[in-house]
Asker: 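Pasting a structure here, questions to come.
Bear in mind that the values here come from a model prediction, so they are computed numbers and not experimental data. Here is the naming used below: chain letters follow the sequence lines, and residue numbers restart at 1 for every chain.
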There are 2 protein chains.
Amino acid sequence: MSSDVEADRGEPAGPGASGRRPLSRELIIETAIDFVDRHGLTALTMRRLGKQLGVEAMSLYRYVNGREDLLEGIVDRMVAELQLHRDHENPDATIGWQAYLQWLAHAVRGLAREHPNLFPLIATRHPAAPWLRPPLRSLRVVEDFFDTLISRGFSDTRVVLAYRSFSSFLLGYLLLEASVLGARSSPPEEPLDEGDSHVPNADQNLDLAPFPHVRRLEEQLSEDHAGAEFEQALEDLLDRLDRFITE
Amino acid sequence: MSSDVEADRGEPAGPGASGRRPLSRELIIETAIDFVDRHGLTALTMRRLGKQLGVEAMSLYRYVNGREDLLEGIVDRMVAELQLHRDHENPDATIGWQAYLQWLAHAVRGLAREHPNLFPLIATRHPAAPWLRPPLRSLRVVEDFFDTLISRGFSDTRVVLAYRSFSSFLLGYLLLEASVLGARSSPPEEPLDEGDSHVPNADQNLDLAPFPHVRRLEEQLSEDHAGAEFEQALEDLLDRLDRFITE
DNA sequence: ACCTGAACACCGTTCAAGT
DNA sequence: ACCTGAACACCGTTCAAGT
């Protein structure tokens, strides 16, 4: 009744309420993901998450080993979705490595676009081992990556190089794309406004006068070609890997 | 005398102490950068920063408009260093655009390697305008980028494409490189250990048995070729841009 | 077995009050 | 003009106590 963050699922659901799933690690993580999708990462606290579940914050500690463990669980759950898509949509083992990397790239991009507020978490949290590279930070996914490329002719050396450049490519393009999507969704978190003149479009109160090129190109810069650029860069990367393998 | 984070500059420096710079936004930001370099981003709180400066936390609010504004100031200060290097080391206006992008790429990489704990901040904070792309998120730097490339023959359309692919490239490669460097420096922040068997190298307690390729390649994966890979990917990107401009 | 009340240490932030 | 004490609302987390 104080913050505006709760109001979604108001009633803590009295004992007789029908569809109340019992508390579990799964349910907690799913609820947290949904919560971050709607309110942004900084809004996620143990106490608010408890309220969302109709329970006190302390109850969560039975299923989740502290806040850091919760974030870890969220990230694991997200990348596990990749594996699910792999099994369900893509049972065909006969496709080439290029088609596989195309599929994988689009699957990760789908994740980033569906959960722009969570992608920075996937991108910046230290993975379980230092040689795991976000966003391809799950052992199962990486094993699958290696297996697929090796069975299509990559040497050990090449597949490691491919893993490195592919993860860097995904991270750079998708983190920037997610950031733009997340900017609208994720709430202010802005430096306290100190009573400046209230321009409606506060975002554009930059003085571009000293930067003529930027000023002239602002419109072009604002155009969204994320999809086409991603495809183009992906193709170029695949060509690069192809030169690898044949040289 | 409780946490182990203070002990660096123990004496709050009595009034007679010699070199005590007066409090200012500059000093606060510099101290914060140094603090994060040593203790990691999550350790930075207004109260601890105050202590580091020999002052109560509330005093900081005279110079800094809240914590978010402090982080903003840190990021601005960091990217401003790029401009400094540009003016000091690189007065030669006759170099080609490729040499300029080489210089810029290495300057940003230098930032990432000197401040691995701060680079994620530069990478993931929403910039002042949605069309600014980290890590090239300063208007002065972007204007310089545009000016240099345009005066070397880039069209408006090409320079915008170049800005997009160049920033994605820097972000992907450098965020991953900084993450590895930061993993050692930045303190635990790990999910509370629940009394598992205490392996000395807790990092390697992953069970790699189900992932034979990963297991076999672990050593190769752990090798550090960040420098060479960065140079290679940079060259490939420059070639790609070259094809742009001449086609 | 599962949840909670009360407590603790620590946050960011405000503001009247001190010098 | 500059700093601080005290206070407020909010955190994460623990643990004995309730059912």
Asker: If you compare every side-chain N and O of B:Tyr63 against the phosphate oxygens of D:dC3 (OP1, OP2), does one of them come in below 4.0 Å?
Answerer: yes
Asker: Can you tell me which nucleotide in D:dG12, D:dT4, C:dC11 comes closest to the side chain of B:Arg47?
Answerer: C:dC11
Asker: Using a strict cut-off of less than 4.0 Å between a Lys/Arg side-chain nitrogen and an Asp/Glu carboxylate oxygen, indicate whether A:Asp76 and A:Arg125 qualify as a salt bridge.
Answerer: no
Asker: Can you measure A:Tyr61 atom OH to D:dT14 atom C1' for me and round it to whole angstrom units?
Answerer: 9 Å
Asker: Could you measure the distance from the CG atom of B:Leu23 to the CD1 atom of B:Ile28? Nearest 0.5 Å is fine.
Answerer: 4.5 Å
Asker: Taking CZ from A:Arg67 and P from C:dC11, how many angstroms apart are they, rounded to a whole number?
Answerer: 15 Å
Asker: Any heavy-atom pair between the side chains of B:Glu143 and A:Pro212 that's under 4.5 Å?
Answerer: yes
Asker: A:Lys51 NZ to C:dC3 P: how many Å, rounded?
Answerer: 18 Å
Asker: Less than 3.5 Å apart, which donor and acceptor atoms pair up between the side chains of residues 108-115 of chain A and the rest of the protein, not counting sequence neighbours?
Answerer:
| unit_1 | atom_1 | unit_2 | atom_2 | d |
| --- | --- | --- | --- | --- |
| A:Arg109 | NE | A:Glu177 | OE1 | 3.1 |
| A:Arg109 | NE | A:Glu177 | OE2 | 3.3 |
| A:Arg109 | NH2 | A:Glu177 | OE2 | 2.7 |
| A:Arg113 | NH1 | A:Glu177 | OE2 | 2.6 |
| A:His115 | ND1 | A:Asp37 | OD1 | 3.0 |
| A:His115 | ND1 | A:Asp37 | OD2 | 2.8 |

Asker: Any side-chain N or O of B:Ser59 below 4.0 angstrom from OP1/OP2 of D:dT4?
Answerer: yes
Asker: Roughly how many Å is it from CD in B:Glu68 to C1' in C:dT13, rounded to a whole number?
Answerer: 13 Å
Asker: With A:Phe169, which residues qualify under ring pair (Phe, Tyr, Trp, His ring centres under 6.0 Å), at least two apart?
Answerer: A:Tyr173, A:Phe230
Asker: For A:Leu44 and D:dC11, give me the distance from atom CG to atom P, rounded to whole Å.
Answerer: 10 Å
Asker: The side chain of B:Thr45 is closest to which nucleotide in this list: D:dT4, C:dC11, C:dT4?
Answerer: C:dC11
Asker: Less than 4.5 Å apart, any side-chain heavy atom of A:Val75 and any of A:Met78?
Answerer: no
Asker: Send over the distance from B:Arg48 CZ to C:dC11 P, rounded to a whole Å.
Answerer: 5 Å
Asker: Run the ring pair (Phe, Tyr, Trp, His ring centres under 6.0 Å) test against B:Tyr163 and tell me which residues pass, sequence neighbours left out.
Answerer: B:Phe145, B:Phe146
Asker: Of all the choices, C:dC3, D:dC3, C:dG5, which nucleotide is nearest to the side chain of A:Met58 once you look at every atom?
Answerer: C:dG5
Asker: Between protein and nucleotides 17-19 of chain C, what N or O pairs are separated by less than 3.5 Å?
Answerer:
none

Asker: Please, what dot-bracket string fits DNA chain D when only Watson-Crick and G-U pairs with both distances under 3.5 Å count, crossing ones use [ ] and pairs to another strand use |?
Answerer: ||.|||||...|||||.||
Asker: Charged N to carboxylate O under 4.0 angstrom, B:Asp34 versus B:Arg38?
Answerer: yes
Asker: Under the side chain to side chain contact (heavy atoms under 4.5 Å, CB included) test, which residues partner B:Arg77, sequence neighbours left out?
Answerer: B:Glu26, B:Ile29, B:Glu30, B:Ile33, B:Glu81
Asker: Whole-Å distance between C:dG12 P and B:Asn65 CG?
Answerer: 15 Å
Asker: Rounded to whole Å, how long is the line connecting atom CD1 of A:Ile28 with atom C1' of C:dC2?
Answerer: 12 Å
